[in-house]
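Note on naming: letters A, B, ... go to the chains in the order of the sequence lines (proteins, then strands), and numbering restarts at 1 for each one. All values reported here derive from a predicted model rather than from experimental measurement. The basis for the numbers below is simple: all heavy atoms, side chains too, and nothing from hydrogens, waters or symmetry mates.
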Protein chains: 2
Amino acid sequence: MAELLLQSIREKVSATDEELLICKSFFTPKKLKKKQFLLQEGDVCNRMTFVESGALFSYATNAKGTQNVIQVAFEGWWISDLYSFFTQEPSTLNIEVLEDAELLMIDREQHEHLLARVPKYETYIRLLYQNAYIALQRRVESTIGLTAEEKYIRLLEQYPTILQRMPLNLVASYLGVTPETLSRIRKQISL
Amino acid sequence: MAELLLQSIREKVSATDEELLICKSFFTPKKLKKKQFLLQEGDVCNRMTFVESGALFSYATNAKGTQNVIQVAFEGWWISDLYSFFTQEPSTLNIEVLEDAELLMIDREQHEHLLARVPKYETYIRLLYQNAYIALQRRVESTIGLTAEEKYIRLLEQYPTILQRMPLNLVASYLGVTPETLSRIRKQISL
DNA sequence: TGACCTGCTTGACAAAGATCAAGTCAATTT
DNA sequence: AAATTGACTTGATCTTTGTCAAGCAGGTCA
């Protein structure tokens, strides 16, 4: 049940079968159903999670009570609140299941052990962060520099999957606009 | 001339003096004056840069021709266009000097060599990315979820330095608002 | 079957922020 | 000293987006 994780590691580093098996042994599987929570605001995030199948999303709730979608993770991606994970402070995020999911989880201690024991794992994690950072920076660029319509079009181009698998109110929240505005933008574009 | 870099490494990992010297030997120093460019849109970013002193900022230019500040790097921080650095595609960003700066630069080949030769360096880089990712995620959260005024106040709280060392039009651009709006917000708050 | 969600759309109106144009003040240039 | 430039502010107006209220279609539940 860790095919995707091992594949993800192999894509980024050249690990031996033995190293892969060691990695695998550090993870705990878990299944969650749609609408269940992997993390709730106020709790400490004590695991990093790899999505083997299904989909999850993380969001923050602002002063007005509106959800802001921070991240969406489909199969093959990781999700967690790294801030809470590393500081051990209570999280300000919720992580909710979007589609029934099979997960692989690793706690902080095991993560540290694995980093020390398998250098290839450290390289894998470094490359993960690197790519995640680059992707986020592009998101910041489009968030601060584009109109709602431009942001939507860019999302369509870059992550068409998101739109096929997420309800539009979450897409709106990911873009930082209201569902009404997104609805009007879509109408506008289709004409 | 690499005191800050070595200090930054020591803060994150326990490296021996020998390891630190090896790291240092892989970097090339360079000085740039205010308003000079470290990278121009269209060029490939072939170095990662550590700021020993001074300050730089990176920005993208959108369709309307407005600058969008992506990152600001004061002494002790890194700056580069990682997307271009790793893909070797032309950059869409400019990196400009905000205050006369002393830099330490490493090209991609040297970076790979150093990662392979000094495992502590890899750990250092991993932790850098990790922290940068966490910080960016918080920026995304405030960018999509808050009003202009709330964003400004949060910036004041989290990075008061930025406001003391950056002209307000760049702060506005960092926040994704016009200089006029920022000016009115500041007036509003001070009353 | 009917009541009830959920996801999405539409309309009227309000608010936030952008744009355009002008003006101030201090620092720099000539 | 006069002219220029850069950083910032102000006012009037326009555009974009948010808010509130309502409605609809499809799926689910009892």
| note | Rounded to the nearest 0.5 angstrom, the CG-CG distance for Asn62(A) and Asn68(A) is 5.0 Å
Protein-nucleotides 22-30 of chain C N/O pairs closer than 3.5 Å?
none

| Net bend of the helix from dT1(C)-dA30(D) to dT30(C)-dA1(D), end axes of five pairs each, nearest 10 degrees | 30°
| note | Taken in chain and number order and not counting sequence neighbours, the residues that satisfy side chain to side chain donor-acceptor pair (under 3.5 Å) with Ser53(A) are Glu102(A)
| field | Shared-cluster residues of Ile70(A), by chain and number - hydrophobic side chains joined below 4.5 Å | value | Leu93(A)
| field | CD/Glu18(A): more than 12 non-hydrogen atoms of other groups inside 6.0 Å | value | no
| note | Contacts of Tyr174(A) meeting ring-ring contact (aromatic ring centres under 6.0 Å, His included) (sequence neighbours excluded), chain-then-number -> none
Validation: residues 21-40 of chain B side-chain donor-acceptor distances under 3.5 Å, sequence neighbours left out:
residue	atom	partner	partner atom	Å
Ser25(B)	OG	Ile22(B)	O	2.6
Gln36(B)	OE1	Lys33(B)	N	2.6

| Tyr133(B) and Leu128(A): CA distance, side-chain angles, deciding distance, side-chain contact (heavy atoms from CB on, under 4.5 Å) verdict | CA-CA 11 Å; Tyr133(B) 178 77; Leu128(A) 267 189; over 6 Å; no
| task | With sequence neighbours excluded, tell me which residues meet side chain to side chain contact (heavy atoms under 4.5 Å, CB included) with Glu109(B). | result | Asp107(B), His113(B)
| request: Classify every nucleotide of nucleotides 5-20 of chain C by which part a protein heavy atom approaches to under 4.0 Å, writing B for the base, S for the sugar-phosphate alone and - for neither, in 5'-to-3' order. | output: ---SBBBB----SSBB
| message | I'd like to check the ring-ring contact (aromatic ring centres under 6.0 Å, His included) partners of Tyr121(B); sequence neighbours left out, ordered by chain and number. | response | His111(B)
| With sequence neighbours left out, what residues match Gln71(A) under side chain to side chain donor-acceptor pair (under 3.5 Å)? | none
| query | Earliest and latest nucleotide of DNA chain D, 5' to 3', sitting under 4.0 Å from a non-hydrogen atom of chain B? | reply | dC8(D) to dA12(D)
| Residues two or more places apart in sequence or in another chain: which of them pass ring-ring contact (aromatic ring centres under 6.0 Å, His included) with Phe74(B)? | none
| request: Verify whether one side chain among Tyr124(A) and Ser8(A) offers a donor that lies under 3.5 Å from an acceptor in the other. | output: yes
